[in-house]
Amino acid sequence: MNNKLVSIITPVYNAEQYIDETLNSVLASSYNNIEVVVVDDGSTDSTAAIVEQHAARDPRVRLIRQSNAGACRARNNAIENARGYYILPVDADDLIMPWLVEELVRLIESKPGVKVVMPRGEFFGARSGPWKLPAFSLKLLARRNMICATALYRREEWERVGGYDEEIIALEDWAFWTAVLKDGGDVLTTERVGLRYRIHAGSKRIRDRKYKHHVIDTLNKRHPEFYQRVLGGPLRYHRTWSRLINRFTRAPHKWL
């Protein structure tokens with residue numbers, strides 16, 4: 001296995017309660033060629049100070065500060081300043097297993113055509129149990145977010161699609177994976193649980209739910225040819241029924 005540099009990127013906003021534990025889990029990685037680029041998105045608590053303490057102890061950690069601009073700008077900023085061949089986003093309240101980075105690199109290099117590799121996950125915190133995600137397919141990706149944000153990919157894919165879409169304010173990982181995979185590519189998943197996804201009152205997973213219409217409108221604007229090819233028309237607000245609705249109407253947004 002090649003020992004290419006992996007840039008672990010972490011956008012963070014007011015995460016003083018969790019960021020120390022998250023960085024400890026990342027820095028415990030058995031894969032020795034990593035850097036950790038943390039972008040503080042205008043935090044008003046002690047988040048940045050905690051990251052600076054890690055950076056003082058471990059030269060693999062770097063802190064970048066920006067005015068509050070959202071998760072997509074923070075991720076793009078992190079990658080713009082990263083040096084890795086591979087990119088692995090890790091959210092500021094989640095944990096990864098020590099073996100995960102090594103296994104993800106092995107999987108992405110295991111066969112041609114693999115674009116994205118992701119860990120099997122489990123919930124902890126306010127909710128516990130396995131995070132059950134279906135096997136990857138483009139038809140399913142068109143209708144739902146089915147790849148977790150913590151997934152390894154090549155930096156060249158980020159460059160090819162123009163980075164994370166800074167217009168979208170929720171489910172930005174869904175928009176990114178759609179851009180990366182709509183023209184083909186395989187997605188692999190680890191056999192073991194490699195990601196612990198924290199659920200709490202401030203979880204982005206919970207906050208994003210109120211932006212459903214915005215997300216669907218933005219995806220339709222960005223990828224009309226993809227939805228036409230896979231769903232026979234736009235992604236509908238009733239996502240599960242998109243193909244059926246599109247079959248019975250040619251008016252582009254009549255049923256939105």
Would you sort out whether Glu35 and Arg62 count as a salt bridge (charged side-chain N to carboxylate O under 4.0 Å, His left out), showing the intermediate values?
-> CA-CA 8 Å; Glu35 65 171 358; Arg62 282 186 287 146; 2.9 Å; yes
Going through the checks in order, is the salt bridge (charged side-chain N to carboxylate O under 4.0 Å, His left out) test met by Glu21 and Arg198?
-> CA-CA 11 Å; Glu21 189 178 6; Arg198 192 190 305 265; 3.0 Å; yes
Starting from the C-alpha separation in whole Å, work towards a yes-or-no answer on side-chain contact (heavy atoms from CB on, under 4.5 Å) for Ile64 and Asn77.
-> CA-CA 8 Å; Ile64 298 169; Asn77 195 358; 3.8 Å; yes
Please test Thr47 against Tyr13 for side-chain contact (heavy atoms from CB on, under 4.5 Å), starting from the C-alpha separation and ending with a verdict.
-> CA-CA 7 Å; Thr47 294; Tyr13 176 75; over 6 Å; no
I would like to know whether Trp158 and Asn76 meet side-chain contact (heavy atoms from CB on, under 4.5 Å); could you show each step before the answer?
-> CA-CA 9 Å; Trp158 174 83; Asn76 285 336; 2.9 Å; yes
Ile216/Arg239 under side-chain contact (heavy atoms from CB on, under 4.5 Å): CA gap, chis, key distance, verdict | CA-CA 9 Å; Ile216 291 174; Arg239 294 174 296 160; 3.8 Å; yes
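A donor-acceptor pair is defined here as one N or O able to donate and one able to accept, closer than 3.5 Å; such a pair exists between the side chain of Ser25 and the backbone of Thr22. His214 contributes a side-chain N or O that, together with a main-chain N or O of Ile169, makes up a donor-acceptor pair within less than 3.5 Å. Looking at Thr249, its side chain never comes within 3.5 Å of a backbone N or O of Ile245 through a donor-acceptor pair.
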Donor-acceptor pairs under 3.5 Å, side chain of residues 227-235 to any protein atom, not counting sequence neighbours: which ones?
from: Arg229; atom 1: NH2; to: Lys182; atom 2: O; distance (Å): 2.8

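Val37 has its side chain out of reach of Thr10: every pair of non-hydrogen atoms, C-beta onward, lies at least 4.5 Å apart. By the 4.5 Å heavy-atom criterion applied to side chains, Phe136 and Leu181 are counted as neighbours. Side-chain contact between Tyr211 and Ile168 is absent, with no heavy atoms from C-beta onward closer than 4.5 Å. At a threshold of 4.5 Å between non-hydrogen side-chain atoms, the residues Val187 and Val117 do not count as touching. Residues Ile34 and Val101 meet the side-chain proximity criterion, which asks for heavy atoms closer than 4.5 Å. A 4.5 Å side-chain heavy-atom check between Tyr18 and Asp94 finds every atom pair outside the cut-off. The shortest side-chain heavy-atom distance between Asp186 and Lys115 does not fall under the 4.5 Å cut-off. Under the 4.5 Å side-chain criterion, counting only non-hydrogen atoms from C-beta, Ile108 is in contact with Tyr86.
With respect to Asp91 and Arg75, a salt bridge is recorded, a charged nitrogen being found less than 4.0 Å from a carboxylate O. Residues Glu80 and Arg73 are paired through a salt bridge, judged by an N-O separation under 4.0 Å between the basic side chain and the carboxylate.
Interatomic distance, CD of Gln53 versus CG of Asp20, reported as 8.0 Å (0.5 Å rounding). Between atom CD of residue Glu109 and atom CG of residue Leu104 there is a gap of 11.0 Å, rounded to the nearest 0.5 Å. Remark: Asp45 CG to Glu16 CD distance equals 4.0 Å, nearest 0.5 Å. In this structure, CG on Leu195 lies 8.0 Å from CG on Leu95, to the nearest 0.5 angstrom. Distance check, rounded to the nearest 0.5 Å: CG of Asp41 to OG of Ser67 gives 8.5 Å. Here the straight-line distance linking atom OG1 of Thr189 with atom CG of Leu133 works out to 8.0 Å at 0.5 Å rounding.
Residues Met97 and Val193 approach most closely at CG-O, 3.4 Å, considering heavy atoms. Taking each heavy atom of Arg143 and Trp174 in turn, the nearest pair found is C-CZ2, 3.6 Å. Of all the heavy atoms in Val12 and Val38, the pair that sits closest is CG1-CG1, 3.5 Å. Leu244 and Phe248 get closest at one heavy-atom pair: O-CD1, 3.1 Å. Contact detail for Pro98 and Ala28: the closest heavy-atom pair is CB-O, 3.5 Å. Taking each heavy atom of Ser110 and Leu188 in turn, the nearest pair found is OG-CD1, 3.8 Å.
The salt bridge (charged side-chain N to carboxylate O under 4.0 Å, His left out) analysis of residues 150-160, with sequence neighbours excluded, yields the pairs Arg155-Glu159, Glu157-Arg160, Arg160-Asp183.
For the salt bridge (Lys or Arg N to Asp or Glu O under 4.0 Å) with Arg222, the qualifying choice from Glu166, Glu172, Glu167 is Glu167, the only one to do so.
Under the 4.5 Å side-chain heavy-atom criterion for ILVMFWY residues, no single connected hydrophobic cluster contains both Leu23 and Phe124. Residue Trp131 is grouped with residue Leu140 when hydrophobic side chains (ILVMFWY) are merged at heavy-atom distances under 4.5 angstrom, including chains of intermediate members.
Every residue meeting the side-chain contact (heavy atoms from CB on, under 4.5 Å) condition with Ala151, not counting sequence neighbours, appears here in chain and number order: Val116, Met118, Ile147, Trp177. Considering only residues two or more places apart in sequence or on other chains, Arg57 meets the salt bridge (charged side-chain N to carboxylate O under 4.0 Å, His left out) condition with none of them. Shown here are the side-chain contact (heavy atoms from CB on, under 4.5 Å) partners of Pro89, two or more places apart in sequence or in another chain: Ile9, Ile87, Tyr153, Tyr164. Residues meeting the ring pair (Phe, Tyr, Trp, His ring centres under 6.0 Å) test with Phe226, sequence neighbours left out: none.
Neither side chain, Asp40 nor Gln66, offers a donor N or O lying under 3.5 Å from an acceptor on the other. A side-chain donor from one of Ser30 and Glu102 sits under 3.5 Å from a side-chain acceptor of the other. Using modelled atom types and a 3.5 Å distance limit, the side chains of Thr190 and Glu103 yield no donor-acceptor pair.
Ring geometry for Tyr197 versus Phe123: interplanar angle over 60°, hence perpendicular rather than tilted (30 to 60°).
By the 6.0 Å contact criterion, CD on Glu52 is enclosed, its count of non-hydrogen atoms from other residues, nucleotides or ligands being greater than 12.
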